[in-house]
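One structure is given below, encoded as structure tokens.
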There are 2 protein chains.
Amino acid sequence: MITIYDIAKKANVSAMTVSRVINNNGKISELTRQRVKQVMEELNYVPNSNARSLVLQKTHIISLLITDITNPFYTTLARGAEDTAKRLGYKLLFGNSDENYAKEKDYVDMILSTRVDGVLFAPAGDGSAVHLQQLQKHRIPLVLLDREVPGIQADTVLGDSKEGARRLVEHLLALGHRRIALINGSEDVSTARQRHTGYKEALKLNDIAYDEALVLHANYRDIQDEAALDRLLHLPDPPTAVFAANNFLAIGAIQGLRAQGLRVPDDMSVVCFDDLGLASALHPFLTVAAQPAYQFGSLGMQWLIDRIEGRAQEEPRTIILPSELIVRSSAAARPREGK
Amino acid sequence: MITIYDIAKKANVSAMTVSRVINNNGKISELTRQRVKQVMEELNYVPNSNARSLVLQKTHIISLLITDITNPFYTTLARGAEDTAKRLGYKLLFGNSDENYAKEKDYVDMILSTRVDGVLFAPAGDGSAVHLQQLQKHRIPLVLLDREVPGIQADTVLGDSKEGARRLVEHLLALGHRRIALINGSEDVSTARQRHTGYKEALKLNDIAYDEALVLHANYRDIQDEAALDRLLHLPDPPTAVFAANNFLAIGAIQGLRAQGLRVPDDMSVVCFDDLGLASALHPFLTVAAQPAYQFGSLGMQWLIDRIEGRAQEEPRTIILPSELIVRSSAAARPREGK
DNA sequence: TAAGGTAATGTTATCGATAACTCCAAAATA
DNA sequence: TATTTTGGAGTTATCGATAACATTACCTTA
């Protein structure tokens, strides 16, 4: 590999002069600048950012950790983060925790040893607190995405889970539904708790009793317990609508319903949080609360870099990005009872 | 930041001894090992992989460059690459070229200066040759994914574009279609050329004349020229089926057809390369040639690391991964002519 | 014309780790 | 007992860059 010393020797200058040409600082005569530049071209020189990082104590690398790379919400978020990082001169070190604390821990160790300049972190859940504390102990600039973690103070970019949930449920109520099931992510995750709260609030505001039997506790990747879904559907007083706490759960629910021979929305209405990407383009079917995923990533990255470069005030900021209710055809009016 | 020197001082040993404990090599008495380890814990020491990389000339970072992070094919591929990299002890530096040579060039520069150990590269097209040559000039281990580039010799993981295209078209022919449109990606991309060839071969084998008017030249992200699609649909002898060269083009085509009031598959059959991820789970509709995207990533990563670690033979390997024809309902028998 | 200024460049130390070599004392061997 | 071996350390140079200071040579200006 070519180093500044190779360049220096061939151009008959000192390494420092080469460094000055590269960084375009210090006084240099036009003649030597040209000579050095020419030698750099000839030898195909590329600076070693490793060596530079070591002395500058800055890597220009930002780590992005998301929980599910196959979820369109997170890939769109990643795209926003990546675009903004690139625009501001940072590289992206990428990680995917699969909603799994052990994998998340491995990434945190890697992040620490890589000496990244900052971390964009979508936590797997409340259990991420230890990992986040570790990052903070090392004073690594941090922005949380999508989920808060109790006990962790940091810049945070959130969606309006409670409000969004409330609106989705009220949409179902307006269609006449009274028995509405909730298929939720793990209560270990802040968004799941807030969507649960929004669900309850909507019921309360409309004088409908909350029934724990209508709530299925799953996780954001899949329903897992198919039997529980079946039981829910065969309750004495079964639901006529389902609110799924995210896109994957909605897909899981629809597949489960299909397996039972139930049609959506004829036999069961379904709504959910997060849009589906391509699926919605192909078949604008599912009524959703769509979150501005790209903005989660781009704003989070912007905030992080502000902090890295000392442009942020001391205390952490939090923003709640609104979601948009997109009414399509997966939720319909409640069928008349055959009484 | 804590360094081995801090540890060394506090443990009353030399830095070298600390290094030996960290790397678990060299002779060390159990006593000092324990003492050093304890001090490392106390001070929350994390090795600086930057410094280590500089002396070892190895970063344990692999760069993954894909062309579209919003395409489920590439995200699934990325997941495969990421899982395998993690399993084998490498970190992933991530890039998204957006099918754009300028962005791709920026990433290549970044890759070079980061001194990554290897590159997993999904090229934007034939114009990527200059970038790939640059990587090869610097002797960076390289594996091409999904697309070949004329003039570049490297390990390559490909799909069976020609064969897959042939089978999709023959599926349409078997359904009675005789006028089959092709909506193709840029001919600057090897897979688009091969899918075009497969399309022609299928026609030829079935004694159907190739009609250039039925071929729409777009790119893999979108159809761009909507007017061209309209013209194609209003040909004197219009197509009864469309073969879209990838998933995005299929979605674009279906949207275009819908805008014209045409129903799929009643008025027009549609098939394409690459499955749709969530969309197919929600609504198993589009008949596709599904590629093993995860395997593209995991196998490519495996090959790359083999090469990095000197376990690969000299000459480049190429593998062609088969695709699977998944027949769903977007292609139907050709409607009878009203003659 | 001597003292100081300045443009252009060079020297040395440093970032945090590791390789290669050196050193010393205790144990093994002749 | 003298010599060699070896376990358990320490020293020094190095990776490739940059910061801080040092050094020229030439140019001003009182």
Side-chain angles (χ1 to χ4, degrees), chain A residues 1-37 39-40 43-61 109-117 138-140, chain B residues 1-37 39-40 43-61 109-117 138-140:
Chain A
M1 273 290 148
I2 307 294
T3 73
I4 49 169
Y5 298 98
D6 302 318
I7 308 292
K9 190 182 291 176
K10 186 149 184 197
N12 257 310
V13 294
S14 74
M16 201 54 223
T17 301
V18 179
S19 173
R20 288 187 179 110
V21 171
I22 293 168
N23 295 292
N24 211 22
N25 59 12
K27 313 272 179 195
I28 298 231
S29 78
E30 195 49 36
L31 205 78
T32 38
R33 181 192 305 282
Q34 291 306 333
R35 190 151 37 97
V36 169
K37 284 208 159 176
V39 175
M40 294 199 316
L43 300 187
N44 269 301
Y45 171 73
V46 181
N48 182 326
S49 38
N50 241 296
R52 183 183 259 156
S53 297
L54 191 58
V55 47
L56 296 183
Q57 305 280 44
K58 193 161 194 330
T59 55
H60 276 276
I61 295 179
D109 289 345
M110 188 202 84
I111 284 166
L112 288 171
S113 79
T114 308
R115 299 292 195 271
V116 300
D117 290 345
H138 287 270
R139 316 198 154 285
I140 299 183
Chain B
M1 273 290 145
I2 307 292
T3 72
I4 48 169
Y5 298 97
D6 302 317
I7 308 292
K9 192 182 294 176
K10 188 148 185 204
N12 258 309
V13 295
S14 74
M16 201 54 222
T17 301
V18 179
S19 173
R20 287 187 182 111
V21 171
I22 294 168
N23 295 291
N24 210 20
N25 58 14
K27 312 274 177 191
I28 297 224
S29 77
E30 196 48 35
L31 205 82
T32 37
R33 181 193 306 281
Q34 291 306 333
R35 187 150 39 96
V36 169
K37 282 207 160 176
V39 175
M40 296 198 314
L43 300 187
N44 269 303
Y45 171 73
V46 181
N48 183 324
S49 37
N50 240 292
R52 184 182 256 159
S53 297
L54 191 57
V55 47
L56 295 184
Q57 305 279 45
K58 189 157 193 342
T59 55
H60 276 277
I61 295 177
D109 289 345
M110 190 202 85
I111 284 166
L112 288 172
S113 80
T114 308
R115 300 293 196 269
V116 299
D117 290 345
H138 288 269
R139 314 199 155 289
I140 298 183

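A, B, ... follow the sequence lines: proteins, then strands. Residue 1 opens every chain. As a basis for the values below, the full set of heavy atoms in this structure was taken, side chains included, without hydrogen atoms, waters or symmetry mates.
- If one axis is set at each end of the helix from C:dT1-D:dA30 to C:dA30-D:dT1 from five pairs, those axes are 50° apart, to 10°.
- Looking at B:H60 and B:R52, their side chains never come closer than 4.5 Å, going by heavy atoms from C-beta outward.
- Among the protein residues, B:N23 comes within range of the sugar-phosphate backbone only, with heavy atoms under 4.0 Å from sugar or phosphate atoms but none that close to a base.
- Taken from CD1 in B:I28 to CZ in B:R33, the straight-line distance is 6.0 Å, to the nearest 0.5 Å.
- As judged by a 4.0 angstrom heavy-atom cut-off over every strand, A:V13 is placed among residues touching the sugar-phosphate backbone only.
- Taking the 5' to 3' direction, DNA chain C first and last meets chain B under 4.0 angstrom from a heavy atom at C:dG16 to C:dC21.
- Between A:R33 and A:Y5, the residue anchored closer to the 5' end of DNA chain C is A:R33, taking for each the nucleotide with the nearest heavy atom.
- Residues forming a side chain to side chain donor-acceptor pair (under 3.5 Å) with B:S53 (at least two apart in sequence, or on another chain): none.
- The side chain to side chain donor-acceptor pair (under 3.5 Å) test applied to A:N25 returns no partner, not counting sequence neighbours.
- Contacts of A:K37 classified as side chain to side chain donor-acceptor pair (under 3.5 Å), with partners at least two apart in sequence or in another chain: none.
- Base engagement by A:S14 is indicated by at least one non-hydrogen atom pair under 4.0 Å involving a base atom.
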Checklist entry - Step by step, would you call B:V18 with B:Y5 a side-chain contact (heavy atoms from CB on, under 4.5 Å)? => result CA-CA 8 Å; B:V18 179; B:Y5 298 97; over 6 Å; no
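- Note on B:I22: nothing from the nucleic acid sits closer than 4.0 angstrom, heavy atoms only.
- B:T32 comes within contact range of the sugar-phosphate backbone alone, with a heavy-atom separation under 4.0 Å but no base atom that close.
- In this structure, the side chains of A:L54 and B:N48 come closer than 4.5 Å at one or more pairs of heavy atoms.
- For B:D109, the side chain to side chain donor-acceptor pair (under 3.5 Å) test picks out B:K105, with sequence neighbours left out.
- Residues A:N50 and A:R20 each lie close to DNA chain D; by heavy-atom proximity, the contact nearer the 5' end of the strand is made by A:N50.
- In this structure, the separation between CG on B:L112 and OG on A:S49 is 10.0 Å, given to the nearest 0.5 Å.
- Across all strands, A:I4 comes closer than 4.0 Å to base atoms (heavy-atom distances).
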